[in-house]
Chemist: 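Quick one: the structure is below, and I'll ask about it shortly.
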Amino acid sequence: MVEYVPILIFLGVATLFPVATLVIARLLRPSVYNKTKLEAYECGVPPSGEARARYPVRFYIIAVLFVVFDVETIFLFPWAVKFKALGVFGFIEMLVFLGILLVGFAYAWKKGALEWV
Amino acid sequence: MTPAAVVFYILASLALLSAVMVIWSRNVVHSAIYLVLTFLCVAGVYIVLRAEFVAAVQVLVYAGGIVVLFLFVIMLVNLAGTLGPRVRVHATVSAIVGCAAVALLLYVSASGGLDTDFGARIDLSAQGGNLQAVGWALYSDYLLPFEIASLLLLVAMIGAIVLARQKY
C-alpha cells in the first residue's frame with residue numbers, strides 16, 4: 001500500500017490545482033457579462049442548434065469494436081508475462097482466442113462496417 | 001483503523017455518492033461523467049484489495065471503453081423532452097431489491113464472510129506478483145471461461161454490426 005502514496009499525493013495536487021486556479025480567477029476577474037460574451041465560441045459561422053444533436057449509428061459500431069479489441073489486448077497482458085511458463089499449450093490457447101475474434105473482425109470487414117463512406 | 005481501511009471507506013463512500021449522482025443528475029452526459037468517477041473509485045478499491053491488474057482493467061475498460069460506449073448511445077438517441085422527474089423508480093421493485101441487498105449484506109457480515117483486513121494477508125510475491133498470478137490462473141485453471149469470453153466478445157461485435165447495418 002505504501003507504494004501508492006505518491007499516486008495519492010499526485011491525485012491530491014491534481015484535484016487542488018484546478019480548484020485553486022478557478023477560485024483565484026473568480027476572486028480576481030471582473031464579472032461583466034453581455035450577450036456576445038455568453039455565446040458559444042466558434043470560429044467562422046455563427047453557431048446554430050443544440051450541441052446535443054444526434055449522431056450516426058456508425059459511431060456506435062466503431063465504439064463497440066474499440067471495446068472488443070481493448071478487452072482482447074488486456075487479455076494479452078497476463079498471457080505475455082506467463083508466456084514461457086505456459087508453453088506451447090498457452091500459445092495454442094491464445095491462438096484459439098485470437099482466431100475466434102478474428103472471425104468477428106473478418107465479418108466486420110466483409111460487411112463494410114470499417115468503411116466510413 | 002488501518003490506513004487501508006481509511007482509504008477504503010473514503011473510496012467506497014465516494015463511489016456510492018457518485019453512483020447516486022448518476023441517477024440523480026438531470027443531464028445524461030453528467031450521469032456518464034459521474035459513472036466515470038464511480039468506476040475510478042471502484043478501481044481504487046481494487047488497489048486497496050491488492051488486485052492491481054483488475055484495477056488497471058477497471059480503468060482501461062470501464063472508465064475508458066464502456067463509458068465511451070455509453071456516451072455514443074447518449075449521442076445516438078434523441079433525448080430532447082425526455083428529462084422528466086429526477087428519479088423515476090418503481091417503488092415496489094426498488095423496495096424488494098433494496099431489502100434483498102440489505103439482507104444479503106447483513107447475512108454475509110453476520111456469518112463473518114467479510115474480509116476486514118482488506119487483503120493484507122494476501123501475498124502473491126511467490127508467484128511473481130499480481131499480474132503473474134492472474135495470468136497463471138486465467139490460462140490454466142480458467143481456460144474454458146477465457147475461451148468463452150472470446151465468443152462473448154464475438155457475439156457483441158456481430159450483434160452491433162447487425163443492429164447498426166444500413167443495407168439488409
Side-chain angles (χ1 to χ4, degrees), chain A residues 1-5 7-8 11 50-83 85-87 89-94 96-114, chain B residues 2-4 7 27-29 44 47-48 50 52-53 56-57 60-61 64-66 68-80 118 120 128-140 143 146-147 149-167:
Chain A
M1 276 306 287
V2 188
E3 62 269 25
Y4 287 101
V5 170
I7 295 178
L8 268 183
L11 268 179
E50 298 248 330
R52 262 267 150 94
R54 291 173 70 185
Y55 283 65
V57 76
R58 286 164 166 278
F59 287 103
Y60 183 71
I61 298 183
I62 301 296
V64 167
L65 289 178
F66 165 69
V67 170
V68 166
F69 290 110
D70 198 26
V71 173
E72 182 195 348
T73 319
I74 278 158
F75 273 119
L76 285 171
F77 278 105
W79 174 74
V81 292
K82 275 285 171 191
F83 181 70
L86 289 163
F89 183 67
F91 183 66
I92 294 166
E93 218 181 317
M94 186 47 82
V96 171
F97 178 78
L98 294 181
I100 292 170
L101 283 176
L102 211 62
V103 173
F105 184 65
Y107 181 79
W109 196 322
K110 203 176 139 276
K111 287 282 165 186
L114 300 174
Chain B
T2 58
V7 176
N27 191 326
V28 202
V29 177
I47 287 177
V48 173
R50 311 252 165 140
E52 284 92 354
F53 178 66
V57 171
L60 281 173
V61 176
I66 302 291
V68 168
L69 210 58
F70 282 3
L71 282 173
F72 274 125
V73 172
I74 290 168
M75 296 195 309
L76 284 176
V77 294
N78 189 10
L79 291 168
F118 299 102
N130 190 265
L131 184 56
Q132 312 256 354
V134 169
W136 186 249
L138 193 61
Y139 299 110
S140 56
L143 166 67
F146 164 68
E147 298 292 358
S150 74
L151 280 176
L152 199 66
L153 292 172
L154 182 69
V155 168
M157 193 157 39
I158 292 176
I161 293 165
V162 168
L163 282 175
R165 72 185 162 182
Q166 288 165 339
K167 292 189 280 284

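The chains referred to below are lettered A, B, ... by the order of the sequence lines, with proteins before strands, and numbering in each begins at 1. Side chains included, hydrogens not; waters and symmetry mates left out as well; all remaining heavy atoms used. Just so we're clear, the structure is a prediction, and the values are computed from it rather than from any experiment.
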Chemist: Between Y60(A), F105(A), F75(A), F66(A), which residue shows the highest count of heavy-atom pairs closer than 4.5 Å to chain B?
Modeler: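 Option with the top pair count is F75(A).
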Chemist: Taking every non-hydrogen pair under 4.5 Å, which of V68(B), L151(B), V155(B), L71(B) racks up the most with chain A?
Modeler: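 Option with the top pair count is L151(B).
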Chemist: Got a donor-acceptor contact below 3.5 angstrom from the W79(A) side chain to the G90(A) backbone?
Modeler: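 Here the side-chain-to-backbone pair exists.
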Chemist: Counting only heavy atoms closer than 4.5 Å, note whether L152(B) contacts chain A via side chain, backbone, both or neither.
Modeler: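 Answer is neither: L152(B) stays 4.5 Å or more from chain A.
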Chemist: Are side-chain heavy atoms of Y139(B) and E93(A) found at a separation under 4.5 Å?
Modeler: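 They are in side-chain contact.
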Chemist: Heavy-atom pairs under 4.5 Å with chain A: which of L138(B), V134(B), I158(B), V73(B) has the most?
Modeler: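 Ranked by heavy-atom pairs under 4.5 Å with chain A, first place is I158(B).
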Chemist: Work out which heavy atom in I74(A) is nearest to a heavy atom in P78(A); give both atom names and the distance.
Modeler: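 Nearest pair, atom of I74(A) first, then P78(A): O-CD, 3.0 Å.
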Chemist: Give the member of V29(B), L76(B), V57(B) that has the highest number of heavy-atom pairs under 4.5 Å with chain A.
Modeler: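 Counting heavy-atom pairs under 4.5 Å, the top option is L76(B).
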Chemist: How are the rings of F146(B) and F97(A) set relative to one another: parallel (under 30°), tilted (30 to 60°) or perpendicular (over 60°)?
Modeler: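 Taking F97(A) first and then F146(B), their aromatic rings lie parallel (interplane angle under 30°).
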Chemist: Is F70(B) atom CZ crowded by more than 12 heavy atoms from other residues, nucleotides or ligands, each under 6.0 Å away?
Modeler: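 Atom CZ in F70(B) is not packed in, count stays at 12 or less.
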